[in-house]
Each structure stands twice: as structure tokens, then as C-alpha cells.
Amino acid sequence: MENSTLADILFKISTLLEMKEENPFKIKSYQKAAVNIENLPENVEEIYKKGGRPALEKLDGIGKGLSERIEDIIKTGRSSYLDKLRKDIPDGVTEMLNIQGVGPKLAMKLFRSLRIKTVEELLSAAKNGKLKKLEGIEDKKVFNIIKAVENYKNMNEKHFLGEALPYAETIVKQIEKNGLGTKALICGSLRRMKETIGDIDILATSEHPGDLMALFTSLPGIKEIAAKGKTKSSAIFDNGMNVDLRVVDEREFGSASHYFTGSKQHNIKIRKIAISKGLKVSEYGVFKGRKRIAGRTEEELFKALGMQYVPPELREDSGEIEAARKRALPALIDLKDIKGDLHMHSNHTDGTASIEEMAKAAKKLGYEYIAITDHSRSTKVAGGLNEKELLEQMGEIDRINKKISGFKILKGAEVDILKDGSLDFPDELLSKLDIVIASIHSGFSMTKDEMTKRIIKAMQNRFVSIIAHPTGRLIGRRMPYEIDIENVISEAARTGTVLELNSYPDRLDLKDIHCRMAKEKGVKISINTDSHNTNNLSYMKYGIGTARRGWLTKKDVINTLDLGELMDHLERP
Ligand code: DGT
Ligand code: CA
Ligand code: CA
Ligand code: ZN
């Protein structure tokens, strides 16, 4: 059994205990054990097999009671304790906790007073006014719940870019490995690097299409084959991911990949343009009368239409076609333009790797620099540093910098923007850092006006270099906090503050359209990973995808600068 599976069960137990308002210490102990197990390098099942319950009890945060529960889970693959707790609270009530603004207390109140036991029932109760019968629930709260349920339902049918892309890449590899697919290309919204993905579309060419389809439909992890044909199959995998595979002829590959990459809106407009030129575009090619004039590659297709090549990330019918006809498309930023990563955490706070490990991993990616930006004291859940600890960390960074050549670790911090817009550290301390990231981690429910003022005040502090994840959204889980983004962008332009594009797959914040707004106002962006371990550094590609969707070029992004240029840029006025 994976540690994460075990941790998951313990988390579920703690949630149910919380809903039943059991002893807070008991709830905490399950949460703590779950976190510890999740971060443990050794496999807990192995530990148990070797040393039984006494070995488990040697682990941090695991006493007699917990070791018994864990033994039960390892032996039976499930928890009888969890099963018992679930008898009293329907799963649908627990599911409601995924709705932003619904905590354990409210969920139980909804269940006990109004007999609401599913997300669906919650939505209809909110819509037909039933919710207002509950004490302390106002119109605004009801409105927010409706919005949050809709947000949750949308996400439920979608997958994160960060989940779908590795999944699709594995499938492509398996197809190519056997030589049955001579070419295989990910298309659809995934190729356009949208932040959420409905299904995965893969296009291939093959000399043996029948064998390729047989291979595809027998891949491990398939739950259901929705369709199986000679040129098109569709499979649903265990995690609910739907994958379409199509096989086309070599000479149609370009026009087919253009068609299946979409977006639909982009395709429709392209066809109109073709018609206006006396041509016809379809997935089979570009035709003049009966004669095929293009189709083998996408480049050929755009050329036949008298256009510049349009990168997939721009194909949303949001001005790219008009720009391509005028040859005015920007040269989009690319992953290889990135020279460093300016937001990450070490094991001094909630990261799991040491500063040196983060630096070495970044150097391996070919970077010239990173910034270590651990949390400040107010973010207690993440073990934020106090002033003394930050100063010690700065000393450690000096020592490591002496050891590593051709690479620089910048001294930074991710400083909390407090409710009044002031920062969690005094200016005197901030002035000692190379880079200061400011961000919001609390007080999410302020009004739009208050929240906007709060961020603007932080930007006016001359030591603040970057505002991290400016809208605070967590895709499908937490809506952006209410801010006037246009106002924030204008103030960033005025104060020369950089805005972050956080590459974490559930953040992607600023999102694509906001990146484009920022660029138009001359605001610089920093594409960062907010890594909490060395693997997270690879999230940069999701940020790059979003940046490209936001029409950003190399010169819009500060971490494409080399170290000297970057230090000049960070110089305080
Ligand atoms: P998704 O999967 O919902 O995240 O979004 P897409 O864009 O991947 O959409 P999907 O999988 O339904 O179809 C893949 C592409 O095929 C789509 O981007 C454009 C093309 N396509 C699908 N249906 C139509 C259509 O009715 N008309 C046109 N012009 N293109 C279509
Ligand atoms: Ca799709
Ligand atoms: Ca599809
Ligand atoms: Zn962070």
C-alpha cells in the first residue's frame, strides 16, 4: 500500500471526526499522522511488515490507538473505523466540503436542519430560497454558494492540465514505442495548454492502423472502451480520463492536427477565410476545387491561406487570425528562454528539500539562478520563518553560494500581505533581501474594494518586487478573491511591480487573459513554480503554456534575463 493511500484514509477519518465535532486533539492527531505518513520516505506497510505495531509506534505522531487503526488498514485494505463513521454521515454531505464556503459545521447544519445530503440538493436549496431559512445565512452567502457549486461541478468533469499532460505523454510514448504509430501528436485543448481539459485527443499515423487500435484499446488502466473502430477509438481510463485516438493518412496529418487541435471557434473562422479565398479547408486538407493544395503539415495549411503560422496556444479566435494575416503575431516565450525560478520553498518552511538540493536541481535544468522565498511568520500552517530564522537562512545561502559555481541563489522571502496591506516583516529586514515576494494567505473574504486596496498598498512598498499568485484562485476549489484586477494591473505598471504567473497546475495565476492585459499595460511578469520539492521545478512548462496563451514574449518576462540584468531590474528605486 502506498503511503499516500494510507494518508488519504486518515485524512478522511479526521474530516468525519471534525464533522461530528469530536475532541479537537483527536482530530489533530489523525491529521498530523496523515501528514507525517505522506512525507515519510519509507513505505509504512514495509515498516509494519518488518516490525509490527511497535515499529509503527516509533514513527512521529503515532501512538497505540493510531497504530491499531493503521494495522487494520494495512491488513484489510480499508478502515472499519472509517466505515463506521461513514454510516452516520452520508458521503454526499462529506462531498459538500469541496464547495468553497462550506465547512464541516455548515455541512452538518445543512444535513441536520434541512436534510440536504448531496451537492445537487444544496444547489437547488440555494436556488429556491430554502437556504435562507437557516440562521445566519444571508443573500450574499447564498449567491456565493450557487457560484461555488457551479464552479465545483464544472471542474468535476474536467482535469487539470498538470494531470492530463503527463498522462497523455505516457500514452503517446507507449504508442510510439511499439513502432505502430509512426507519428503521434497530442491535439485538442491539451495542445492549446488550456488550464483544464475535458478529454485527451491524440492523432497518429500508422502503417498498421488495426494493430495500433488493438494496442491502444488494451493499454493498462483502461476502465471502459467507449468506441473501437479502424481509424477512431475512445477509451475511458481509471481516473476518469477520456482519451480519443484517431489514425489518419500522412498527407492529411497537418490538416487533421489543425482540425483536432481546435479551438472550434478558431476552426470556424479559418474555414470562413478559406471560403473568401475560393478555397475549402477540412480535416482532410486544403482544396482548390478538387485539387488538394495543402494538408501534410500545419505550416503548409496556414501558408496556403496567406497567413503566418499560428502557435496552438493562440488558437482561440481572440485576435490571432487577424494578427496572423497581417504577419503581426508575437514571438511567443519558450521554455528554453527561462534562466531561473524566483519562487520556491525549502525545508526551512513547508518545502521538503534543502536549499542546496533545490539549487542543484535548478542548476541541472540549466538555470543560472533561483530565489529561495520561504514563508514569513504569519503563515503559521506552513511554518513561516521569524526574523531571526530568516537572517540565519540568509547566512546559510551565503555559505552555499560560495560552494556552487556558475549559479546564484538569491535571498528572498514570500512575505504575507496582512489584512491592512502592511507586510509581515519590517522594511529594515526586507531591505537586506535580494528579492521580496508579497502574497495573500489569509482573510480571503474581504470585499472587493478592501482586497484591492490591500494589494495596492503592498505594491506601494518599495521593497516589494513581485506579487505572487495575484488573484489567489485554486482551480475548481477556491474562486479568486474579489479584486479589481484592472486596477491592480494599472498600479503594478505605475509602481513597476512585477506580477507573478504561478505555474502550479491548480493555480496558473495570473491566468492567460490577465497576462495579456498586464502585457498590454507594460507590466512585467515572473513565471515561477512555487516549488515545494525538486520535482515541482518541472511545473515551469505549465506556466509557459499559460504565458503563451497570454501572448507573452521573452521580453515580457523577467526570469528570462541573465543574472546581471535581473539584479539591475530588481534594484530598488
Ligand atoms: P475539451 O476536450 O473540452 O477540453 O476541448 P477540445 O477543444 O479538446 O474539444 P474536443 O475534444 O471536443 O474536440 C477536439 C477538437 O476538435 C476541437 O478543439 C475542435 C475540433 N472540433 C470538435 N468538434 C467540432 C465542431 O463541431 N466543429 C469544428 N469546427 N471543430 C470541432
Ligand atoms: Ca479534447
Ligand atoms: Ca475529444
Ligand atoms: Zn509560495
Side-chain angles (χ1 to χ4, degrees), residues 150-172 175 184-204 213 216-217 219 222-229 231-237 239-248 252-276 279-287 294-295 298 301-302 305 307 310-318 320-321 324 475-476 505-506 508 511-513 542 545-546 548-549:
E150 280 164 358
N151 189 36
Y152 170 73
K153 281 176 46 183
N154 274 340
M155 188 57 211
N156 237 1
E157 292 151 20
K158 298 254 181 192
H159 299 267
F160 290 131
L161 173 61
E163 181 193 3
L165 189 59
Y167 214 83
E169 283 169 346
T170 315
I171 295 173
V172 164
I175 291 172
L185 181 73
I186 296 167
C187 294
S189 52
L190 189 49
R191 184 163 177 234
R192 305 198 311 277
M193 296 293 272
K194 276 194 75 168
E195 60 194 36
T196 57
I197 306 295
D199 73 350
I200 295 175
D201 304 281
I202 299 175
L203 187 70
M213 286 304 175
F216 172 70
T217 49
L219 285 176
I222 290 182
K223 189 167 68 179
E224 194 188 320
I225 308 285
K228 186 176 173 184
T231 59
K232 183 181 172 225
S233 294
S234 195
I236 303 166
F237 287 73
N239 59 352
M241 194 82 80
N242 201 322
V243 184
D244 289 345
L245 174 68
R246 289 183 192 80
V247 181
V248 298
E252 298 165 353
F253 191 76
S255 45
S257 70
H258 178 263
Y259 178 84
F260 291 115
T261 296
S263 65
K264 198 169 157 183
Q265 254 42 47
H266 168 95
N267 288 354
I268 291 170
K269 195 167 258 181
I270 287 284
R271 268 189 236 156
K272 275 198 194 138
I273 288 174
I275 292 168
S276 75
L279 303 172
K280 181 172 175 270
V281 171
S282 73
E283 52 184 292
Y284 307 107
V286 183
F287 298 89
E298 288 187 344
L301 178 148
F302 285 111
L305 297 175
M307 293 167 66
V310 180
E313 296 90 339
L314 298 186
R315 300 182 195 165
E316 297 291 347
D317 187 21
S318 56
E320 78 282 3
I321 292 174
I475 301 171
D506 62 350
L508 295 174
K511 65 176 173 184
D512 45 17
I513 53 171
Y542 306 122
T546 301
R548 288 169 64 89
R549 291 178 59 80

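Only heavy atoms go into these numbers, but all of them, side chains included; no hydrogens, no water, no symmetry mates. All residue numbers in this chain count up from 1 along the given sequence. When a ligand or atom number is given, it counts from 1 through the structure's own listing order.
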Out of curiosity, Asn242 CG to Ile236 CD1, how far, rounded to the nearest 0.5 Å? 5.0 Å
N, O or S atoms of the protein lying under 3.0 Å from the Ca ion (ligand 3): Asp199 OD1, Asp199 OD2, Asp201 OD1, Asp244 OD2
Taking it one step at a time, do Glu163 and Asn239 satisfy side chain to side chain contact (heavy atoms under 4.5 Å, CB included)? CA-CA 10 Å; Glu163 181 193 3; Asn239 59 352; 3.4 Å; yes
Kindly indicate whether the side chain of Ile171, heavy atoms from C-beta on, has any atom under 4.5 Å from the side chain of Phe216. yes
Is there a donor-acceptor contact under 3.5 Å linking the side chains of Glu298 and Ser257? yes
Looking just at side-chain N and O atoms, do Ser234 and Asp244 make a donor-acceptor pair shorter than 3.5 Å? yes
Using the test side-chain hydrogen bond (donor to acceptor under 3.5 Å, both in side chains), find all partners of Thr261 that sit at least two apart in sequence or belong to another chain. Arg191
Ring centers of Tyr542, Phe160 separated by less than 6.0 Å: no
Among residues at least two apart in sequence or on other chains, which ones pass side-chain hydrogen bond (donor to acceptor under 3.5 Å, both in side chains) with Asp317? Lys269
Checking side-chain contact (heavy atoms from CB on, under 4.5 Å) between Ile200 and each of Leu165, Val243, Val172, which is the one that passes? Val243
Taking any residue with a non-hydrogen atom under 4.0 angstrom from an atom of ligand 1, which ones do you get? Lys158, Gly188, Ser189, Arg192, Ile197, Gly198, Asp199, Asp201, Tyr259, Phe260, Thr261, Gly262, Ser263, Lys264, Asn267, Arg271
